[in-house]
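This is the structure, below, for whatever I ask next.
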Number of protein chains: 2
Amino acid sequence: MDICRPTLILDQSRCRENIRKMAMKASVNNLVFRPHFKTHQSAVIGEWFREFSVTTITVSSVSMAGYFADAGWNDITIAFPVNTCELPAINRLGSRVRLNLLVVSPDAVKYLSQELTCSAGIFIEIDTGYHRTGLLPQQVDEIREIIGICESSSRVRFMGFLCHAGQTYSCHGKEEIGKVHRESLQILGNLKKEFGKDGGNILVSYGDTPSCSLMDDFPGVDEIRPGNFVFYDLMQYFIGSCSFSEIALIIACPVVAKHPSRSELVVYGGAVHLSKESLLHPVYGTLYGLVVNLTQNGWTDPLPGCFVRSLSQEHGVISVSPEIFRETRSGTVIGIVPVHSCLAVSAMTGNPFTGAASKSPYKIIGT
Amino acid sequence: MDICRPTLILDQSRCRENIRKMAMKASVNNLVFRPHFKTHQSAVIGEWFREFSVTTITVSSVSMAGYFADAGWNDITIAFPVNTCELPAINRLGSRVRLNLLVVSPDAVKYLSQELTCSAGIFIEIDTGYHRTGLLPQQVDEIREIIGICESSSRVRFMGFLCHAGQTYSCHGKEEIGKVHRESLQILGNLKKEFGKDGGNILVSYGDTPSCSLMDDFPGVDEIRPGNFVFYDLMQYFIGSCSFSEIALIIACPVVAKHPSRSELVVYGGAVHLSKESLLHPVYGTLYGLVVNLTQNGWTDPLPGCFVRSLSQEHGVISVSPEIFRETRSGTVIGIVPVHSCLAVSAMTGNPFTGAASKSPYKIIGT
């Protein structure tokens, strides 16, 4: 591969297989598949979902909704508490696509019912224990008020409850994730029963990548919204959501220096490429990526004893085994499996100094 | 201010004052001022340096050198171990500007002496204790070999020794930084003596923001290359390099949710805007930013008891005091002082989803 700067390499066949498996899981469970597009942020990759009959998507900002609306997607949920400062952009968007918004307070939906010039579906975000945002399940008065406002408005239409059980990100393995999963679905199921007329006309929208990857049953759920699964990454690997062979994205980085006294390589590839997301490895300690060799058709599994020890703006300092140190020369291009693919993609998108020559930051390989 | 999405707000008068003070310090000490432009990454802000007669700059990549060459800068040091994979771009660059490259091995300079089609100045990077990259001071054989190759080549010209004493970033206060500073200058001074013909024709290029901000004497140094000082940030504040009133950059973020049970606000402003750089605060623990109120002409000092507790891709979760919680409404725009301004700027540059509508991510205020 002809690589001279930090470059996102995307294995298309792994990525399409990840999409296929998740689409199958949704289909088998009779769930609407509404994948989160914030991970790949790419109209090209978005097209790969259409082959599995995906027509509904999730995004995390009004800007991103606009981008994917331009790319022909017309049923979009913005899974972020509605930012009322962007009302004009929301109205423009709502005039051309079927739009769902997220609210976490009666004030927000009151504002929307008065100010929207389009119609929009409304999901109430429920906090099932992650404590990032969302109404707590016991805030039934607020929930009732929101539903009431929707019922008396022609612009806002109550759709149901949405949850991102992000506490799965601090879990390890199927058992721990299963516990969070069951608790979250219990909470959402109770709300559906409490507020639904026979529970029939209230949707439950659910799904982080760990739950959607590891769980097989989704009782009471109507749609899933995983995002990261499209590429996976080291964080997901250590949670237990994926194997190394399912990770579809690495960053290729040229080696620019060797330091024999500490068996370390320095690569062109730093915090502005990988992001500063780290994880605590049981053996290596804090790390910012694992190291792979590039091959004819892709890359190897992570090399034993090799990890990204520190990052500054453009430098990556990589601790390597004596064998890899001997074999690697300055000018060699090695691969780094990122800790968090969403952030690496965002870092590499658009900024002319991070190496992305064109609008798409991906070098796509495989068939 | 008319802000609806995460927006970098740059206080021009603070920024120009930071530039003026550093230019004065260089001038008083008879040092060439070669500021590092990787922090602001902006041709517009680059122009502000010309008012202080700056004609020489530092960048961290070949791409960034190309951008600033296009903006009329013609004496550029790429302070990053030369990435030989980019030889064609380096040659194009060297044909139009006076270029200095950084080497950390005889192999690299051998390669350059054979392959460059332009001429280039060569700095040897010396590791005075940061252990990111650079030759150790005791690697005199390698240093001698590099100088020898330069002397026998018409393309590569030995310029001197360059050091980034990044270990100052784990220091607190003038005394600790002074110790690193004196040790580093001692090492560089010894090398200059050992390898210089009377020491006269070998340059010493030095300077991280903490040292250049806090130190007044630079014995043996010929030029300084600080970068971050142009904006400063929380990391520099906690190191002791600056006061709050010298920090020239914040990120304005709309509040999108309030969570009374935990006295927390959620803003539109996450890891893709601020970066995941964190610091360990003595009272608040790990934080990703401090909080300010926007004013008519800028912003306040950080609000007591308020800090960014966690970041996900687009969400910032902010722990606030009861007073601020009461006063702040959804839709209010608050300011966040970033931990690391260089990374926040890089995150906000170019990516259409981080809120930067145009090529420049800055909203410039002040005169």
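Throughout, protein chains are lettered first and strands after them, A, B, ... in sequence-line order, and every chain is numbered starting at 1. Please read all numbers here as calculations on a predicted model, not as lab measurements.
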Taking the side chain as C-beta and beyond, is there a heavy-atom pair between Lys276(A) and Ser278(B) under 4.5 Å?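 Side chain of Lys276(A) against side chain of Ser278(B), heavy atoms only: no contact under 4.5 Å found.
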Select one option (side chain, backbone, both, neither) describing which atoms of Val59(B) are under 4.5 Å from chain A's heavy atoms.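 It is neither, since no heavy atom gets under 4.5 Å.
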Do Glu314(A) and Met64(B) have side-chain heavy atoms sitting under 4.5 Å apart? yes
Chain A contact via His259(B) - which portion, at a heavy-atom distance below 4.5 Å: side chain
Between Arg132(B), Arg329(B), Gln313(B), Glu125(B), who has the most heavy-atom pairs with chain A when the cutoff is under 4.5 Å?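 If we count pairs closer than 4.5 Å to chain A, Arg132(B) comes out on top.
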Among Cys342(B), Gly134(B), Ala271(B), Ser275(B), single out the residue with the greatest number of heavy-atom pairs under 4.5 Å to chain A.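 Greatest number of close heavy-atom pairs with chain A: Gly134(B).
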Which answer fits Thr133(B), side chain, backbone, both or neither, if we ask what part of it has an atom under 4.5 Å from a heavy atom of chain A?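 For Thr133(B), the contact with chain A is made by backbone and side chain together.
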Relative to chain A, which of Pro254(B), Ser261(B), Pro88(B) shows the most heavy atom pairs under 4.5 Å?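 The candidate making the most pairs under 4.5 Å is Pro254(B).
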Most contacts with chain B, counted as non-hydrogen pairs under 4.5 angstrom, among Tyr111(A), Tyr67(A), Tyr169(A):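 The answer is Tyr67(A).
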Bottom line for Arg309(B): the part with an atom under 4.5 Å from chain A's heavy atoms is side chain
Report the option among Gly270(B), Ser105(B), Ser312(B), Gly66(B) that has the most heavy-atom pairs separated by less than 4.5 Å from atoms of chain A.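 Highest number of pairs under 4.5 Å: Ser312(B).
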For His131(B), is it the side chain, the backbone, both, or neither that has a heavy atom closer than 4.5 Å to a heavy atom of chain A? both
Which portion of Ser310(B) sits near chain A, non-hydrogen atoms under 4.5 angstrom: neither
Partners meeting salt bridge (charged side-chain N to carboxylate O under 4.0 Å, His left out) with Arg262(B) (sequence neighbours left out):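 By the salt bridge (charged side-chain N to carboxylate O under 4.0 Å, His left out) rule, Arg262(B) matches Asp127(A), Glu264(B).
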Below 4.5 Å, heavy-atom pairs only: which of Gly331(B), Ser346(B), Ala257(B) has the largest tally toward chain A?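 Heavy-atom pair counts peak at Ser346(B).
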Minimum-distance pair of heavy atoms, taken over all atoms of Cys4(B) and Glu86(A): O-CG, 3.5 Å
Contact list (residues 136-143 of chain A to chain B, heavy-atom gap under 4.5 Å, by number) returns Leu136(A)
So, the part of Ser60(B) with a heavy atom under 4.5 Å from chain A: the answer is both
Expected contact set for residues 35-45 of chain A against chain B at heavy-atom separation under 4.5 Å reads Lys38(A), Gln41(A)
Using the salt bridge (charged side-chain N to carboxylate O under 4.0 Å, His left out) criterion, which residues pair with Asp70(A)? Sequence neighbours excluded.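 If we apply the salt bridge (charged side-chain N to carboxylate O under 4.0 Å, His left out) test to Asp70(A), skipping adjacent residues, the hits are Arg96(A).
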Heavy-atom distance under 4.5 Å to chain A: side chain of Val267(B), backbone, both or neither? backbone
Against chain B, label Val82(A) side chain, backbone, both or neither, depending on which of its atoms sit under 4.5 Å from a heavy atom there.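 It is the backbone, since no side chain atom gets that close.
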Checking heavy atoms, do the side chain of Asp107(B), its backbone, both or neither come under 4.5 Å from chain A? neither
